[in-house]
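Hydrogens, waters and symmetry mates are skipped; everything else that's a heavy atom, side chains included, is used.
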Amino acid sequence: MITGENEIKQNIQADKALKNQKKASEENQRIIDSYDYLTNAASSQDCTGLIPSAPLNEEELESYNALYKFQPPKIPSAKNKQ
């Protein structure tokens, strides 16, 4: 092969690797950001005893969640992404 062709192939491979790394980094950041609900945890203003009994319906659960984000975000599993 000609030296110039090798450089071009190496540059293309490096570009692909960089794009894949950037995608992975963006996905990791999205997951990290989705865990911001934890910032409410164990604070001096913690809502201990917020829910005295289990919510009776989805609306009640949403009401509690509107006051205080206590549930983890729903992240689809790897199986669902395929």
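Within 6.0 Å of the CD atom in E26, the count of heavy atoms belonging to other residues, nucleotides or ligands exceeds 12.
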Using residues 56-63 as the side-chain source, report each donor-acceptor pair under 3.5 Å to any protein atom, sequence neighbours left out, with the distance given to one decimal.
unit_1: N57; atom_1: OD1; unit_2: E59; atom_2: N; d: 3.3
unit_1: N57; atom_1: OD1; unit_2: E60; atom_2: N; d: 2.8
unit_1: E60; atom_1: OE2; unit_2: L56; atom_2: N; d: 3.2

For residues 11-19, run the donor-acceptor check on the side chains, cut-off 3.5 Å, and write out each pair with its distance to 0.1 Å, sequence neighbours left out.
unit_1: N11; atom_1: ND2; unit_2: E7; atom_2: O; d: 3.4

